[in-house]
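Before any comments, here is the structure.
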Protein chains: 2
Amino acid sequence: MRVSLKDVALRAGVSIKTVSNVVNNYQHVTPAMRARVQQAIDELGYRPNMTARHLRKGRTGIIALALPELGNPYFAELAAAVIDAAAEHDYIVLLDHTGGRREQELLVSQGFRARVIDGLILSPLELQTEDLEGRTEPVPLVLLGERHYDLPYDHIAIDNVAAARAAVRHLLDLGRREVAFLGSRPRRNQPAELRVRGWREELAAAGLPADEGLVGATDGWGHEDGARAMARLLDAGRRPDAVFAYNDLVAIGAMRVLSERGLRVPEDVAVAGFDDVVEGRYGAVTLTSVSPDKAAIARMAVESVLSRLGGEPRPGGRPGGEPGGEQQPPRRLTAGFSLIERESTLGRASTPGR
Amino acid sequence: MRVSLKDVALRAGVSIKTVSNVVNNYQHVTPAMRARVQQAIDELGYRPNMTARHLRKGRTGIIALALPELGNPYFAELAAAVIDAAAEHDYIVLLDHTGGRREQELLVSQGFRARVIDGLILSPLELQTEDLEGRTEPVPLVLLGERHYDLPYDHIAIDNVAAARAAVRHLLDLGRREVAFLGSRPRRNQPAELRVRGWREELAAAGLPADEGLVGATDGWGHEDGARAMARLLDAGRRPDAVFAYNDLVAIGAMRVLSERGLRVPEDVAVAGFDDVVEGRYGAVTLTSVSPDKAAIARMAVESVLSRLGGEPRPGGRPGGEPGGEQQPPRRLTAGFSLIERESTLGRASTPGR
DNA sequence: GAGCGGGCTTGCAACGTTATACGGTTCCGG
DNA sequence: CCGGAACCGTATAACGTTGCAAGCCCGCTC
């Protein structure tokens, strides 16, 4: 924070702008001049002050990513993918977590946590439509995940209903008939709605009743929640022959309880999860899971948010700005998924690769 | 990025500085004036431009955290702890990952990835002492993790040797005599050194030979690496009755292989890991593990790095700055740990809580 | 009623950078 | 040898904010 363009200019005996031109690799600088300036730069150990550059350019090169929690490996893995996708565009990621709490999500959406960013990628759990309607924050916002909002913001997700149906279909194809769903959230505003719906639809398509007694509610979506929901179901005297869980953590928690109760996976109960986290690939029983294309989600999210800031590259820029950008209608981008079948439904004998 | 102090001042009919005073809650502003300015602020929807503020103040309110990889839940959980610790001081965290590659770690340490930060917390794996010796970057750096560098930077870690000894001691107390170590890294520069040393020392203390044939080398420290190392050991005809792994992922990978080979944990082979990641608490066999105090590590790291930037709060500030700060000698801060004993050493019968 | 002190408000000058507009070279063909 | 067009470098003015120091005004005191 000490040596500035001015110092370099003084030393090299040129104007500030010339030094700036050299630093920015401006085309029309004679090699001789470039060398002379570069020498002054090296001698003084000049480093550009990014803060000043950002003030001048009106961009910071930072996007924020706000996730419910990093403890869930799905989000940790997604964060890694976003960091990489952002790096592709020379962007850096500011990370925040909301705990999935509406209050905190609201704060983040309004930029009260991070106010130095060009754009925001938010993965909400409890945020309500009305929370976002009053949003005045000028930085572009892109939403991630299962929840749909009828608002002018880009949204990126996989087809949750189709993915859930594929998982349930797989369980039914194995001959299972009592398929439980673990991880709904009845009292709240149903973030798990789409996956429950997929479960319901696929059962209906198979001519089976969607037994609401087989829906296990949870408070959160961690191991503990899955374990509790599974225990509750069993304690209620239910004995499903298959479980489709809201996510992998819930599934793993459930498997733990099944094993404690002496039930074998998959012989007695087949289990399928959602997210395809690494953790599911190395348990005693590897976990069948819906695998969202995280890299695609990350890429879409970053490109989406960056495409929205074409408007005002610099403070004094022309009002119109580049053609692309912030005036496009909101988009619903759908990333792909696949169902990875592992031991928790197939059994160990026919174990495929990891 | 549109309405500035100037606009608000114009509207309220006061000077720019007065608006600034209101925004910053300066003491000597009459309530009437404050109300008038506030109204103009609300009417125009003014939001302070943080970039300009930072340029002026010489601080950004951002610290960077660079970790090997987020896919490892230990680092993900640590990141969450750092975000919270930073929030306590009104700081925001810029997250980066290095893949544990020296090249990338060097880049980060020199500030080439993120250049808008007040401080940097780096958890290196392969970085060499000489890489850091030539560091000219002016922002304070704090190092995390097992590796020790004889350099003027704060370092935060748990006592790895003692922790490893505690784990091995536990295995020996159970009557095990052939304790393998999984996760050394022979060809590289031995980041696992301290934990291997702990293993060696504790065996020596028990009067047992440290059988180098029971040290399983790995390339990385993921599940896959643990699985491979375990398989290699077994394929070589070794049959240890206990395994101490460099970290939980290696331990879990090893347990998977043990189970595939028909060996029971802990009856045939007791397993202990390191990091106490959530994942280890919900497998079919819960994992005994050294549990570093992540919250303490995060808190120490944040406070450490922030304490170093007392020097130049603002560009035009007095040269001395506040008394505290950047001239203190480097510190070695040690966080606590505990050994959490679970089924992978105790067996299921006596399962304690999670 | 004048002097004075203290609380409120303001103008100015940075912070370090880039954009704009312009002045000075150089180099070519006519 | 000159006119003009590239071409290269410069001076100046922002970007939005805060710190400093000075100025104003009001009420209190003697």
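It should be emphasised that the depicted structure is a prediction, and the values quoted were computed from it without experimental measurement. Quick note on labels: first sequence line is chain A, next is B, and so on, each numbered from 1.
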Exercise. Could you work out which one of D:dT18, C:dT18, C:dG16 sits closest to the side chain of B:Ile16?
Key: D:dT18
Quiz item: Just to confirm, is there a sub-4.0 Å distance from OP1 or OP2 of C:dG7 to any side-chain nitrogen or oxygen of B:His28?
Solution: no
Self-check item: Any A:Ser4 side-chain nitrogen or oxygen under 4.0 Å from OP1 or OP2 of C:dG16
Solution: no
Quiz item: Among D:dT18, D:dG16, C:dG16, which nucleotide sits nearest the side chain of B:Arg53?
Solution: D:dT18
Practice problem: Report yes or no: do B:Asp84 and A:His97 form a side-chain donor-acceptor pair below 3.5 Å? | Solution: yes
Practice problem: Name the nucleic acid region contacted by A:Met50, choosing base, sugar-phosphate or nothing; use a 4.0 angstrom heavy-atom cut-off, strictly under. | Solution: nothing
Quiz item: How close or far is atom P of D:dC20 from atom CG of B:Asn24, stated in whole angstroms?
Solution: 14 Å
Self-check item: Distance in angstrom units between B:Leu5 CG and D:dG16 C1', rounded
Solution: 7 Å
Exercise. Quickly work out the B:Leu10 CG to C:dT10 P distance and round it to whole Å.
Key: 13 Å
Quiz item: With a 4.0 Å cut-off on heavy atoms, is B:Thr18 in touch with a base, just the backbone sugar-phosphate, or nothing at all?
Solution: base
Quiz item: For the rings on B:Tyr153 and B:His155, is their centre-to-centre separation under 6.0 Å?
Solution: no
Practice problem: Taking only the side-chain nitrogens and oxygens of B:Ser20, find out if one of them lies under 4.0 Å from OP1 or OP2 of D:dT17. | Solution: no
Quiz item: Which whole-number value in Å describes the distance from A:Lys6 NZ to C:dA13 P?
Solution: 14 Å
Quiz prompt | Within-4.5 Å side-chain heavy-atom neighbours: B:Val302 and B:Ile63 | solution = yes
Exercise. For the side chain of B:Leu55, starting at C-beta, report the closest nucleotide among C:dT17, C:dC15, D:dT17.
Key: C:dC15
Practice problem: State, without any angle test, whether B:Ser15 and B:Thr18 hold a side-chain donor-acceptor pair at a distance under 3.5 Å. | Solution: yes
Quiz item: Can you tell me if the side-chain N/O atoms of A:Thr30 get under 4.0 Å from OP1 or OP2 in D:dG9?
Solution: yes
Quiz item: How long is the line joining CG of B:Asn49 and P of D:dG16, in whole Å?
Solution: 7 Å
Quiz item: To the nearest angstrom, how far is A:Arg34 atom CZ from D:dC7 atom C1'?
Solution: 14 Å
Quiz item: Does B:Asn21 place a side-chain N or O at less than 4.0 Å from the phosphate oxygens OP1/OP2 of C:dT9?
Solution: no
Quiz item: Are B:Thr51 and A:Arg53 linked by a side-chain donor-acceptor pair shorter than 3.5 Å?
Solution: no
Quiz item: Looking at B:Leu120, B:Leu65, B:Leu141, which one forms a side-chain contact (heavy atoms from CB on, under 4.5 Å) with B:Val108?
Solution: B:Leu120
Quiz item: Which nucleotide sits closest to the side chain of A:Lys17: D:dT18, D:dA11, D:dG16?
Solution: D:dA11
Self-check item: Spacing between B:Arg36 atom CZ and C:dT9 atom C1', to the nearest angstrom
Solution: 11 Å
Quiz item: B:Val23 near the nucleic acid: base, sugar-phosphate alone, or nothing, with a heavy-atom cut-off under 4.0 Å?
Solution: nothing
Quiz item: Within this structure, what is the CE-to-C1' distance between B:Met33 and D:dC25, rounded to whole angstrom?
Solution: 12 Å
Quiz item: Which part of the nucleic acid does B:Tyr26 contact within heavy-atom distance under 4.0 Å: base, sugar-phosphate only, or nothing?
Solution: base
Quiz prompt | Under 3.5 Å donor-acceptor pair, A:Arg56 side-chain atoms to D:dA14 base atoms | solution = yes
